[in-house]
There are 2 protein chains.
Amino acid sequence: MSAEFWLTQLHENGYRITGARRAVVETIEKSTRALTPVKVYDMSRKRYRALGLVTVYRTLEKLEELHLIQRVHQPMGCQAFISAGHGHQHLLLCKKCGQVAFFEGDDLESLTKSIAKKTGYQIQDHWLQLFGLCKNCLSNQQA
Amino acid sequence: MSAEFWLTQLHENGYRITGARRAVVETIEKSTRALTPVKVYDMSRKRYRALGLVTVYRTLEKLEELHLIQRVHQPMGCQAFISAGHGHQHLLLCKKCGQVAFFEGDDLESLTKSIAKKTGYQIQDHWLQLFGLCKNCLSNQQA
DNA sequence: CACTTATTGATAATGATTTTCATTACCGAA
DNA sequence: TTCGGTAATGAAAATCATTATCAATAAGTG
Ligand SMILES: [Mn+2]
Ligand SMILES: [Mn+2]
Ligand SMILES: [Zn+2]
Ligand SMILES: [Zn+2]
């Protein structure tokens, strides 16, 4: 899943490929942690100087609409984005450095069935997110 | 868990009990759906006219600090609050009317163990939230 | 009741996101 | 390859949400 694919997706959906979009796409696509609009702006400006913050917002909007990125919710705030997982995946976030990993294979079948029965709700979606410490932060830990 | 208990909690933690706080507490404590600060403000003003929005923010802050309320994250926004569950509970939200139900009994033991092994992360917390349609919205559904 | 001081609401300040608008440049058609 | 319609851009202003300031008020202890 390369930046080129994202650009192709934009193009195939009637959006033009511009220098600004290229810079934003390349920045987010290769990041392994969630980035706020301002962070995306700062990082992308190294690739495309004339970039405006407004364009970052507009590009994020389109990438989210095409399901190429997703918003990341955290206790400290929910304005960060990261590349969307493939298929049915959830996020695992490092509380210390922000490193993000994807995981899959959660099976909530029996749980949702039981909850549906108990509450009378028809359950349609779920959000699951794990928090902890990544391998790297674990080993760099002081005693 | 009555409004009086919340007020007692505030008092026991060195906070004064005021008309403004009484109004805010009573509003949130009896709500079965997540409320934004402005919504809390509008609803509470029916109980206490002189209430200021700033005081709503300040009161929410304290109630969250005492774990009496919790922030609710949703696709449409994350600035709403609802009474905190008791013990280890998660939320089930109606996508149509916003009705909130609590549930417990999720067992993520084996999942987190397996993910920890695969990723090398030490997993500490989890967020789980279910979305669907409540009993009421289900039955009021048009064909 | 009186006094100390936390709390209040109005207002201003800040921060984040969205809108407006004139200019630029992408890209399909010729 | 050039051309032209129009999507996209960035600067600036507007809007919306949240936080800080501050003088006036009122909770609650004694
Ligand atoms: Mn899942
Ligand atoms: Mn749980
Ligand atoms: Zn959130
Ligand atoms: Zn409902």
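Below, chain A is the first sequence line, B the second, and so on; all start at residue 1.
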Using OP1 and OP2 only, check whether a side-chain N or O of A:Thr18 sits under 4.0 Å from C:dA25. no

Just the rounded figure in Å: distance from P of D:dT9 to CZ of A:Arg49. 19 Å

Could you tell me whether A:Arg22 and A:Glu4 have a side-chain N and a carboxylate O separated by less than 4.0 Å? yes

Name the closest nucleotide to the A:Val54 side chain, picking from C:dC27, C:dT7, C:dT18. C:dT18

Spacing of A:Lys62 atom NZ relative to D:dA8 atom C1', expressed in whole Å: 9 Å

B:Tyr15 OH - C:dT8 P separation (whole Å): 11 Å

Between B:His11 and B:Arg58, which residue's closest nucleotide on DNA chain D lies nearer the 5′ terminus? B:Arg58

Quick one: which of C:dT18, D:dA17, C:dG9 gets closest to the side chain of B:Tyr57? D:dA17

Do B:Ser83 and B:Glu29 pair up side chain to side chain, a donor and an acceptor below 3.5 Å, judged on atom types alone? no

Checking all strands, does B:Arg21 fall into the base, sugar-phosphate, or nothing category for heavy-atom contacts under 4.0 angstrom? sugar-phosphate

Going by modelled atom types, is there a donor-acceptor pair between the base of D:dA8 and the side chain of A:Arg16 at under 3.5 Å? no

Side-chain contact check for A:Ala20: nearest option of D:dG10, D:dG28, C:dT17 is D:dG10

Atom-to-atom span, NZ of A:Lys39 to P of C:dA16 - whole angstrom: 14 Å

Ranking A:Gln79 and B:Tyr41 by the position along DNA chain C of their nearest nucleotide, the one closer to 5' is B:Tyr41

Carboxylate-amine/guanidinium proximity below 4.0 Å for B:Lys113 and B:Glu109: yes

Whole-Å distance separating the CG atom of B:Leu53 from the P atom of D:dA20: 15 Å

Among C:dT8, C:dG9, D:dT9, which nucleotide sits nearest the side chain of B:Leu51? C:dG9

Do you see a donor-acceptor pair shorter than 3.5 Å between the side chains of B:His90 and B:His88? yes

Taking atom C1' of C:dA16 as reference, at what distance in whole Å does atom CD of A:Glu61 sit? 15 Å

Send over the distance from A:Phe81 CZ to C:dT17 C1', rounded to a whole Å. 11 Å

Under a plain distance cut-off of 3.5 Å, with no hydrogens placed, do B:Tyr15 and B:Glu65 share a side-chain donor-acceptor pair? yes

Which whole-number value in Å describes the distance from B:Arg22 CZ to C:dT8 P? 12 Å

Look at the side-chain N and O atoms of A:Thr55 and state whether any lies under 4.0 Å from the OP1 or OP2 oxygen of D:dA8. no

